[in-house]
Amino acid sequence: MTKKEGKAKRIMYIICGVSVAVILFAFVWSKCFAKDDSESLSWNEYVKSSVSEERAAKRDNNLVAASKETKDIIREANADREEAARIEEETANLDIAKYLVVVSDAYPITQEDIDENFEVIDVVNDRGQEKQLEERTWYYYRKLKKYLEKEEGIIVDLDYGYRSIQGQQDIIDELTAEHGSAYALYYAAAPGSSEHHTGLAVDLCLIVDGVVIDENVAMNAQTEIFGMIHAVLPEFGFVLDFPYESWHIRFVGTPEVAKAYYASGMSFEAFAPWYSRNLENADI
């Protein structure tokens, strides 16, 4: 190899080495020192981008929530309409005698009578407590409740509904322990003589300024509120047959029967058989 050829070869090696070095330097720079897009943004641009993304996410979440809420409202409205249509259809062939049964000290019933003649459904009140009521009674109670809240600003809740014979005894025992036997005998019917055995009786409680009022004496003291409640009872098929118990209302099947009861001026024990006889005579 001549001197000239050796020199050319060395120059070529140098050029190749420099080229490799430049390539390696470019690679290392891109990995270690080059900034990503977010770092190349100014602070204001970065904040604006983050806020926009956050708002978009919230908007999407709100849309999903609103869609679900709308679907729930529509589903509930459809269920209410279906229930109302079924209740209305049943009204034409309603056995009014069932809703006019008298249960009292003079007309007691047994647990066997209760199980055979009265059917109740499981329900849940606003406070999450499980109760039982006759189905039609539950329907009209909810209508009454919605009316009172919307039109009068009065909030009521279902405190007691159906009670078995043993359930009635438990109430008496509880009242006796808390207030004495005289109080218990005044406010609670003897087992077998309570309207609650039918599932047609509703004990209301009041919710005033977020506070539940469910003690008997305290409820009787709420004369103005209960006066407003009692005034609209017949419109929803309920009557107040024990005036000394403001909270205790009794369902009688239809608003027409309730209005007839108030128009008669009779006690419920007198009205029930009288109205039933008139219905029988009208059918003949």
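This one's a predicted model, so the numbers in the text were calculated from it and none came from an experiment.
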Run the numbers on Glu269 and Tyr107 for side chain to side chain contact (heavy atoms under 4.5 Å, CB included), then give the verdict. CA-CA 9 Å; Glu269 286 191 3; Tyr107 301 95; 4.0 Å; yes

Would you please test Glu178 and Glu215 for side chain to side chain contact (heavy atoms under 4.5 Å, CB included) and show each step? CA-CA 11 Å; Glu178 291 180 2; Glu215 200 279 324; over 6 Å; no

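Across every non-hydrogen atom of His197 and Gly192, the tightest pair is NE2-N, 2.9 Å. The shortest heavy-atom contact between Gly199 and Leu133 is O-CD2, 3.4 Å. When every heavy atom of Ser194 is checked against every heavy atom of Arg163, the shortest pair comes out as OG-NH2, 4.3 Å. Taking every heavy atom of both residues into account, Arg136 and Thr254 meet most closely at NH2-CG2, 3.9 Å. Pro108 approaches Asp105 most closely through the heavy-atom pair CD-O, 3.6 Å. Heavy-atom minimum distance, Gly167 versus Ser164: N-OG, 3.0 Å.
Following chains of ILVMFWY side-chain contacts shorter than 4.5 Å, one cannot reach Trp247 starting from Ile172, and the two form parts of different hydrophobic clusters. A single hydrophobic cluster is not seen to contain both Leu185 and Leu175; linkage of ILVMFWY side chains at heavy-atom distances under 4.5 Å, directly or through other members, places them apart. Both Ile249 and Met266 sit in one connected hydrophobic cluster of ILVMFWY residues. Membership requires side-chain heavy atoms under 4.5 Å apart, directly or through other members. Taken together through direct or relayed side-chain contacts under 4.5 Å among Ile, Leu, Val, Met, Phe, Trp and Tyr, Trp274 and Val102 form part of one hydrophobic cluster.
Here the side chain of Asp126 pairs no donor or acceptor atom with the backbone of Asp157 at under 3.5 angstrom. Distance alone, capped at 3.5 Å, is enough to place a donor-acceptor pair between the Lys131 side chain and the Asp159 backbone. At distances below 3.5 Å, not a single donor-acceptor pair connects side-chain atoms of Tyr262 with backbone N or O atoms of Pro234. No donor-acceptor pair closer than 3.5 Å links the side chain of Glu134 to the backbone N or O of Thr198. A distance-only check finds no donor-acceptor pair linking the side chain of Asp209 to the backbone of Val211 [under 3.5 Å].
In this structure, a donor-acceptor pair under 3.5 Å is absent between the side chains of Asp173 and Thr176.
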If you look only at distance, which donor and acceptor atoms sit under 3.5 Å apart when one is on a side chain in residues 54-63 and the other is two or more places apart or in another chain?
residue, atom, partner, partner atom, Å
Asn61, ND2, Ala57, O, 3.3
Asn62, ND2, Lys58, O, 3.3

Side chains of residues 216-229: which donor-acceptor pairs under 3.5 Å do they make with residues two or more places apart or in other chains?
residue, atom, partner, partner atom, Å
Asn216, ND2, Tyr183, OH, 3.3
Asn220, OD1, Ser246, N, 3.3
Asn220, OD1, Ser246, OG, 2.9
Asn220, ND2, Tyr244, O, 3.1

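Atom CD of Glu151 is surrounded by more than 12 heavy atoms from other residues, nucleotides or ligands within 6.0 Å. Enclosure of atom CD in Glu119 is not indicated, since only 12 or fewer non-hydrogen atoms of other residues, nucleotides or ligands lie within 6.0 angstrom. Atom CD of Glu112 is surrounded by 12 or fewer heavy atoms from other residues, nucleotides or ligands within 6.0 Å.
Arg127 is listed as a side-chain neighbour of Cys205, based on a closest heavy-atom distance under 4.5 Å. The closest side-chain heavy-atom distance from Lys146 to Lys143 is not below 4.5 Å. Counting heavy atoms from C-beta outward, Leu200 and Tyr99 have side chains that approach closer than 4.5 Å. Between Thr137 and Val120, every side-chain heavy-atom pair lies at or beyond the 4.5 Å cut-off. Annotation: side chain of Phe268 is in contact with side chain of Val252 (closest heavy-atom distance under 4.5 Å). Looking at heavy atoms from C-beta onward, Asp122 lies out of side-chain contact with Glu130 at the 4.5 angstrom threshold. A 4.5 Å side-chain heavy-atom check between His248 and His196 finds at least one atom pair inside the cut-off. A 4.5 Å side-chain heavy-atom check between Thr110 and Ile165 finds every atom pair outside the cut-off.
Residues Lys259 and Glu235 are paired through a salt bridge, judged by an N-O separation under 4.0 Å between the basic side chain and the carboxylate. Looking at Glu90 and Arg86, a side-chain N of the basic residue comes within less than 4.0 Å of a carboxylate O on the acidic one, giving a salt bridge.
Note: Asn125 CG to Lys145 NZ = 8.5 Å, rounded to the nearest 0.5 Å. Here the OH-CG distance, from Tyr261 to Leu100, works out to 11.5 Å after rounding to the nearest 0.5 Å.
For Glu245, there are no side-chain hydrogen bond (donor to acceptor under 3.5 Å, both in side chains) partners at least two apart in sequence or on another chain. Shown here are the ring-ring contact (aromatic ring centres under 6.0 Å, His included) partners of Tyr147, two or more places apart in sequence or in another chain: Phe236.
Identified under the salt bridge (Lys or Arg N to Asp or Glu O under 4.0 Å) test for residues 193-208, with sequence neighbours left out: Glu195-Arg250.
Listed by chain and number, the hydrophobic cluster partners of Ile207 are Ile155, Val212, where partners are ILVMFWY side chains within reach of under 4.5 Å, directly or through others.
Ring to ring, Tyr162 and Trp138 are not that close: their centroids are 6.0 angstrom or more apart.
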